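This report concerns only the one structure given below.
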Amino acid sequence: MTAFTPAELEPRSLQPQGWLKYFSFSLDHKVIGLQYLVCGFAFYLIGGALAGVIRTELASPMSDFVSRDTYNEVLTLHGTIMIFLWIVPVVNGAFGNYLIPFYVGARDMAFPRLNAVAFWLIPPAGILLISSYFLAGAASQSGWTAYPPLSLTTPAAGQIVWILSVLLLGGSSIFGGINFIATVLKLRRPGLKLMQLPMFCWAMLGTSILVVLATPVLAGTLILLSFDIIAHTGFFNPQLGGNVVVYQHLFWFYSHPAVYIMVLPAFGLVSEILPVHARKPLFGYTTMVYSIMAIVVLGLIVWAHHMFTSGTPPWMRLFFTIATSFIAVPTGIKFFNWLATLWGGKIALNSAVLFSCAFIFNFVFGGITGVALAQVPFDIHVHDTYFVVGHFHYIVYGGSVFVIFASLYHWYPKFTGRLLNEDLGRLHFVLTFIGFNLCFAPQHWLGLNGMPRRVAEYDPAFTTWNQVSSVGALLMAVSTLPLLINVVLTAMRGQHAGDNPWNALTPEWLTSSPPPVENWIGEAPLVTEPYGYGEAPGTVEVNRLSGKDLWAQGKP
Amino acid sequence: MAVPTALITLLIGMVLTLAGLWVGHNVNLLPVDASSNAPVYDALFEVLFSIGTVLFLGIVGLLIYSLVRFRRRAGDLGDGAAIEGNLPLEIVWTAIPAVVVLFVGIYSYDIYERMGGMASFHDHSAMQVATQQVAYQSASVEATQDPPAERIWGGIGRSTQDGVSPVVLPVDVTAMQFAFIFHYPGPGITAGELHVPLGQPVRLRMEAKDVIHAFWVPQFRLKQDVIPGQPTLLTFTPTRAGSYPIVCAELCGPYHGGMRSTVVVHEPEAFDDWLKSNTPATLASASGGISTKSIS
Ligand code: HEM
Ligand SMILES: [Cu+2]
Ligand SMILES: [Cu+2]
């Protein structure tokens, strides 16, 4: 097999080199991964600023900070940005693109050009979405769920721009999903079996199946919705004989799987991080694989738990209660397996591990409130209240975002060759953890006691806990500073990491940091035991050769 | 594993269970209960809260214990034990959650049944039949509004507390941006607040004029979306006199947060008085403050 060295490739390339390549239509999966990451983070800062507006408004019971219309625009933009421009692109696009080719032993994704197209749909879609606030005169005001008839009666231009933007982002997501499926199934290095892949590959395979099956349904639904707005058709317009509940079914048929699209990759990333830092194999590989697939299947048949108080007949409420409750079983298996991975290990308590363990803490809490919400009689009281806001932030922020941070600390040395500063990392962790819990734990009480979600004003009896929540939000905003400082300072003059600072066995560490253009000089390593820790007790040398890792030819 | 480990596990399990039960029973997170299904709801809440506390404390305890006990000491470059799995153990922790969610599911089905959620499941005509036999305690005017075979799309349907009180007070609820309007089809009262008598079942037939709203009374633990084009139903029996907020719980536009009203639960005699003083005079005798009653 002839391998091109980067030196041979570069002179022929028309692509810009150096830092400029991050602004180019690069086909390198690592460049694209980092493009997703940085772009997603920029949108995270914007979405966070919007959250700041929301929490400032809610610091007092009156609607006194922004106008009521603006408030609804802000909460719609906040939700849409955080879901479609931050979490989905980062856990899928950023880490998926960076890691999957390494894990399957490939030099790039199956369709590099489609990959670049998928990324380059995102910045314009995001800018379009945000500009609707300034250009169209009014951004969408109907929430990230865009339920008709509200979305048919709020300012049309803003709603149409919102639909266009989400369609572009959905398209990007589908392109990415197809690419991941093809790469994992078809681009594996000869000799590498499916059941030898790192767990993140399985997570991305499951996620991508959900993306490919569910996202087109959202696209179709939003196209019909836009017809209702522009062409005055009556699909979802009750005055023209349409049915608003059908929209909800179609919307949640995508959007419940979407929550797993946001969290399954995070499960995969945690499965990579914990064994490395606990120096133990991932516990129960096979059951982990089956539980991912079980979550994928069950995830497709639980959507109506978002509609328990809507126009749904009793049998439907019952069926979806049972289906939803059962998702807790495969999810529980994964958590017990992670705990068993930690048990008896030699756990390094660094920032990556702290964020991963806080993820377990937060997600278990959110999972418990989730199973409670799955019970129709329980949900009838708390649906569309701050209890639900608390639930899903424990899952989406406490789960996915905490894992994104953990992954940043874990893979930053691979991205740049430098280790993030641990003191700043722990400061970031402590501030985030306290701020997060302060912000979202009180919201459960607020919901139980009568505060609906998506309101700009509320009963003054709820002032205290809302203020606590706002203080928590402020802490979360502050916690971003140590992270930003850390990332910038380290990039300039951080401690050099070497190629494999964690003595990890997965293939992305078996090359230089940052890796060369086609990932390895020479042949790709065959790693059949990505979690083969623990077989050689005693000292571990940097880049030691394990008898089971036949990657010797890969290193110069 | 040695016996002491098993014993310790058992002890920890018992302590956790007791802690969970104690928390579930003593930590009150809910507002006052004011309808007959609120205590049923609170019983479910207690069970879920207890189970949740046990699971949360157990898992977090295990996590923190592992982090402390198995932390890497300075200078230790070794690996942990090469344990790749343990099938019996994995079967156990698949079975435990499965049993727990099965139990929770069956129990909450029972609760839902007691709340009357399954009424139309057992008897598809129950909802229509029930609307026929309504009568008024005091105003004794026959309900004439209900079209006979109308499709009701969702809601909590059971009207009677197992045959205790067959007399149901029907109220038509119209939700619009940004108010609820209550119409009493019998006496023909229209009001901006909901007035109901203590202890009598009330049946709300709800429909929206413009966008989706939701009718929620936290103290009743009940919520139902109010949907344009699709009437929904909500039945409850108030059990505690007082005034409680009615909250719109579905984003319905800029003033969504201000879309609130009040439900006043009267003692039966006081309710009769309210009915009398608010019933519009069918003859030209201008008695009582009729439809001038605030529609806020
Ligand atoms: C243990 C498994 C889970 C269960 C049983 C569960 C259950 C539920 C239920 C029943 C609701 C509807 C509540 C309502 O609107 O009244 C809900 C809402 C939500 N859940 Fe979960 N959930 C689980 C895990 C997750 C995960 C993994 C995520 C995302 C990563 C997630 C994100 C959300 C979101 C975003 C909403 C609110 C959507 C909205 O109305 O805007 N949940 N969950
Ligand atoms: Cu869901
Ligand atoms: Cu409303």
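From a predicted model like this one, the values you see are computed outputs, not experimental measurements. Within every chain, numbering begins at 1; the chains are lettered A, B, ... in the order of the sequence lines, protein sequences first and strands thereafter.
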Heavy-atom cut-off 4.5 Å, strictly under: side chain, backbone, both or neither for A:T154 against chain B?
neither

A:N437-A:Y394 side chain donor-acceptor pair, cut-off 3.5 Å
yes

Could you tell me which portion of B:Q219 (side chain, backbone, both or neither) has an atom closer than 4.5 angstrom to a non-hydrogen atom of chain A?
neither

Could you look at B:N86 and say if it's the side chain, the backbone, both or neither that has a heavy atom under 4.5 Å from chain A?
both

Roughly how far, to the nearest 0.5 Å, is CH2 of A:W338 from CD1 of A:I333?
12.0 Å

Taking only residues two or more places apart in sequence, or in another chain, which ones meet A:P238 in a side chain to side chain contact (heavy atoms under 4.5 Å, CB included)?
A:P149, A:V244, B:P228

For atom CH2 of A:W465, is the number of surrounding heavy atoms from other residues, nucleotides or ligands below 6.0 Å larger than 12?
no

What distance separates A:L448 CG from B:N28 CG, expressed to the nearest 0.5 Å?
10.0 Å

Does any backbone or side-chain atom of A:Q248 lie under 4.5 Å from a heavy atom of chain B? Answer side chain, backbone, both or neither.
side chain

Cut-off 4.5 Å, heavy atoms of chain A, and the answer for B:E90 is side chain

Structural part of B:A214 lying under 4.5 Å from a heavy atom of chain A:
neither

Is it the backbone or the side chain of A:T286 that comes under 4.5 Å from a heavy atom of chain B, or both, or neither?
neither

Return the orientation label for the A:F236 and A:Y247 ring planes: parallel under 30°, perpendicular over 60°, tilted otherwise.
perpendicular

Quick one: which of A:V353, A:T385, A:T321, A:T70 has the most heavy-atom pairs under 4.5 Å with chain B, could you say?
A:T385

